[in-house]
Colleague: 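Supplied in structure tokens, the structure appears directly below.
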Protein chains: 2
Amino acid sequence: MSTKNKILDAAETLFANKGFNGTSLREITGQADVNLAAVNYHFGSKKELIKAVMSRYMNELSPRLESALRQVCEIESPSLINVFSAFIEPLLSLNKFKNNGTSNFLQLLGRGYTDSQGFLRWFLTTQYPGVIDNFVLAVQKAYPELSAEEMFWRLHFTMGTVVFTMSSSDALIDIAKSDFDRDLQISDVIRNVIPYVAAGVGAPMPLRN
Amino acid sequence: MSTKNKILDAAETLFANKGFNGTSLREITGQADVNLAAVNYHFGSKKELIKAVMSRYMNELSPRLESALRQVCEIESPSLINVFSAFIEPLLSLNKFKNNGTSNFLQLLGRGYTDSQGFLRWFLTTQYPGVIDNFVLAVQKAYPELSAEEMFWRLHFTMGTVVFTMSSSDALIDIAKSDFDRDLQISDVIRNVIPYVAAGVGAPMPLRN
DNA sequence: AAGTAGTTTAAACAAGCGTTTAAAATAACG
DNA sequence: CGTTATTTTAAACGCTTGTTTAAACTACTT
């Protein structure tokens, strides 16, 4: 395996578990078993490494996601469950792409929104706008009465639900094991969260004052 | 104002905006206009300072919250909207306690769940179990059909929604201003999130396979 | 007024950080 | 084979981190 990929693999796991700020280049190169200077040689800087880690996933995910959402839009009258279920297959496909891929990616997404003053949010929204656009279109078709402003709020809440849940999914799975004696996978977490966010986005429009 | 409080005030704002890892003691003591060593003299360590910042809020919040939730349980048949609305007054009361108190506290809560490997989660659940217990009781009364396992999931999702929303509430308020020309307060965010989480928690029980 | 306890101060500490350098090792190509 | 290019390496860079030290200063008590 190439040095570049060894770095990407080690960085991905460490970033997901300890955040971007919380992971040093020495930890990464130590786990990847490569020289410290290799990061700056191959990626230029730590910030560029973070982008590279995210890009590797987004380039895999975004075409699948866009096409799945487009398919939902072709349904006669799609439900919000249809919309959110469109995420399942593309997200779980990241597990074939790499071990713990789904979990790692979603955790990284969560980190990106709280660590590093939102530069990752900027990166994602400017580099992969097609995903967001198709998502909004699908929700609009499933719930046309939802105003633009209400949509803005609820999609943000949904982002929060998913991102937070995933960034602590390891703890969640542990608790589920000890409290309910159930062995859960990341796929179970995804399937559990869909009715929740679908109901949240589908809540009746509140009366404005 | 005492040195101790000057440190707490400066630390609170910086922690909320930049996270615990992302804020140095020199930034804190600089903004507080206090000597660097004062933190270790008065609090012992950075970790203890973080606890002190959180405790100051929790000691103000938890009795109000517990009593509000107990009141909801006394309603004949409370709705989930009732349950979550019980949070409004106690949370907004933090604004009288300190400028931007509500926003700062909720952002800190969000930081605590992702920064610092969850030691803050441990701190909160062990030090303030009464809040969680009363919350669960209220939800149980409002939605008795919800199984313990489903409750576990949905409360976690709710925590995620709130915590994530609040930790990025500054960005949210900025976007709302530029996209919808609406000047929002933290209270608007709270009022918007309630129908969402109430609908999410109130979603019908899914069929198990 | 002297002495003591509490507080503040400047300076230094060791350790860790991301990044750079220049030499050594490896690979690729005419 | 010999000569470029590319990659890897060890060492050091300057800087920031949390924490500690010991002296200076303040306030209160006897």
Side-chain angles (χ1 to χ4, degrees), chain A residues 1-56 107-108 111-112 114-123, chain B residues 1-56 107-108 111-112 114-123:
Chain A
M1 177 176 313
S2 72
T3 301
K4 222 167 163 171
N5 278 323
K6 282 199 282 184
I7 294 173
L8 283 171
D9 286 344
E12 174 188 316
T13 308
L14 287 166
F15 283 155
N17 290 335
K18 316 177 59 176
F20 303 115
N21 285 341
T23 305
S24 71
L25 294 185
R26 283 170 178 80
E27 285 181 271
I28 294 169
T29 54
Q31 186 147 120
D33 202 35
V34 301
N35 189 270
L36 167 63
V39 170
N40 287 278
Y41 175 75
H42 286 286
F43 298 95
S45 69
K46 185 179 180 180
K47 208 163 201 168
E48 289 298 320
L49 172 61
I50 295 174
K51 283 192 201 174
V53 169
M54 292 307 293
S55 294
R56 196 167 58 151
Q107 285 187 251
L108 288 169
R111 299 290 185 185
T114 49
D115 280 16
S116 55
Q117 300 107 264
F119 105 90
L120 201 67
R121 173 169 29 188
W122 165 87
F123 171 71
Chain B
M1 180 179 308
S2 72
T3 300
K4 222 167 164 171
N5 278 323
K6 282 200 282 186
I7 294 174
L8 283 171
D9 285 344
E12 174 188 316
T13 308
L14 287 166
F15 283 155
N17 290 335
K18 317 177 58 175
F20 302 117
N21 285 341
T23 304
S24 71
L25 294 185
R26 282 169 179 81
E27 286 181 271
I28 294 169
T29 54
Q31 185 148 123
D33 201 36
V34 154
N35 188 272
L36 167 65
V39 169
N40 286 279
Y41 176 75
H42 286 285
F43 297 95
S45 70
K46 185 180 180 180
K47 209 163 200 169
E48 289 297 320
L49 172 62
I50 296 174
K51 283 193 200 173
V53 169
M54 291 307 294
S55 293
R56 197 167 58 150
Q107 286 188 250
L108 288 170
R111 300 289 185 186
T114 49
D115 281 16
S116 53
Q117 300 109 262
F119 106 89
L120 201 67
R121 176 170 27 190
W122 165 86
F123 171 70

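Note that this is a predicted model, so its numbers are computed, not measured. Chain A is the first sequence line, chain B the second, and so forth, proteins listed ahead of strands; every chain is numbered from 1.
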Colleague: Taking CG from Leu49(A) and P from dG18(C), how many angstroms apart are they, rounded to a whole number?
Modeller: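 Rounded to whole Å, this separation is 10 Å.
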Colleague: Please report the interatomic distance CE(Met54(A)) to CZ(Phe15(A)), rounded to the nearest 0.5 Å.
Modeller: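 One gets 11.0 Å once the value is rounded to the nearest 0.5 Å.
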Colleague: Quick one: side chain to side chain contact (heavy atoms under 4.5 Å, CB included) partners of Glu48(A), sequence neighbours excluded?
Modeller: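 Expected list: Ser45(A), Lys51(A).
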Colleague: CZ of Phe43(A) versus C1' of dT20(C): gap in Å, rounded?
Modeller: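 The answer, rounded to whole Å, is 18 Å.
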Colleague: Is any side-chain nitrogen or oxygen of His42(B) closer than 4.0 Å to OP1 or OP2 of dT8(C)?
Modeller: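 Looking at the OP1 and OP2 atoms of dT8(C), one of them is under 4.0 Å from a side-chain N or O of His42(B).
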Colleague: Listed by chain and number, what are the side chain to side chain contact (heavy atoms under 4.5 Å, CB included) partners of Ala16(B), not counting sequence neighbours?
Modeller: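 Expected list: Asn104(B), Gln107(B), Leu108(B).
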Colleague: Sequence neighbours excluded, which residues qualify as side chain to side chain donor-acceptor pair (under 3.5 Å) partners of Asn40(B)?
Modeller: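 Result, side chain to side chain donor-acceptor pair (under 3.5 Å) vs Asn40(B): none returned.
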Colleague: Below 4.0 angstrom from OP1 or OP2 of dT8(C), is there any side-chain N or O of Thr3(B)?
Modeller: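 Checking Thr3(B) against dT8(C): at least one side-chain N or O falls below 4.0 Å of OP1 or OP2.
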Colleague: Measure from the side-chain N and O atoms of Lys4(B) to the backbone N and O of Val39(B), and report whether any donor-acceptor pair falls under 3.5 Å.
Modeller: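 Not at all, since once roles are kept as given, no pair shorter than 3.5 Å links the two residues.
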Colleague: Please walk me through it: do Phe43(A) and Leu8(A) pass side-chain contact (heavy atoms from CB on, under 4.5 Å)?
Modeller: CA-CA 10 Å; Phe43(A) 298 95; Leu8(A) 283 171; 3.8 Å; yes
Colleague: Answer yes or no: is there a donor N or O on one side and an acceptor on the other, between the side chain of Lys18(B) and the main chain of Thr13(B), under 3.5 Å?
Modeller: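 Such a contact is absent between Lys18(B) side chain and Thr13(B) backbone.
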Colleague: Distance-only check: which donor-acceptor pairs under 3.5 Å involve side-chain atoms of residues 29-36 of chain A, not counting sequence neighbours?
Modeller:
| from | atom 1 | to | atom 2 | distance (Å) |
| --- | --- | --- | --- | --- |
| Thr29(A) | OG1 | Leu25(A) | O | 2.9 |
| Thr29(A) | OG1 | Arg26(A) | O | 3.4 |
| Asn35(A) | OD1 | Ala37(A) | N | 2.9 |

Colleague: Using atom types as modelled and distance alone, determine if a side-chain donor or acceptor of Arg111(B) lies under 3.5 Å from a backbone N or O of Asn17(B).
Modeller: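 Yes, the answer is positive, given that a donor and an acceptor are paired below the 3.5 Å cut-off.
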Colleague: In dot-bracket, 5' to 3', how would DNA chain C read with Watson-Crick or G-U wobble pairs under 3.5 Å, [ ] for crossing ones and | for pairs to another strand?
Modeller: ||||||.||||||||||||||||.||||.|
Colleague: Output one line per pair: protein atom, nucleotide atom from nucleotides 23-27 of chain C, and distance, for all N/O pairs under 3.5 Å.
Modeller:
none

Colleague: What string of B, S and - do you get for nucleotides 11-29 of chain D, 5' to 3', when a contact is any protein heavy atom under 4.0 Å?
Modeller: -B----BBBBB--------
Colleague: Output the rounded distance in Å from NZ (Lys6(B)) to P (dT7(C)).
Modeller: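 In whole Å, dT7(C) P lies 14 Å from Lys6(B) NZ.
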Colleague: Starting at NZ of Lys47(A), measure out to CD1 of Ile50(A) and round the result to the nearest 0.5 Å.
Modeller: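 With rounding to 0.5 Å, NZ (Lys47(A)) is 8.0 Å from CD1 (Ile50(A)).
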Colleague: Among residues two or more places apart or on two chains, list those pairs meeting salt bridge (charged side-chain N to carboxylate O under 4.0 Å, His left out) that have a residue in residues 5-15 of chain B.
Modeller: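 Of all non-adjacent pairs touching residues 5-15 of chain B, those that pass salt bridge (charged side-chain N to carboxylate O under 4.0 Å, His left out) are Asp9(B)-Arg56(B), Glu12(B)-Arg56(B), Glu12(B)-Lys98(B).
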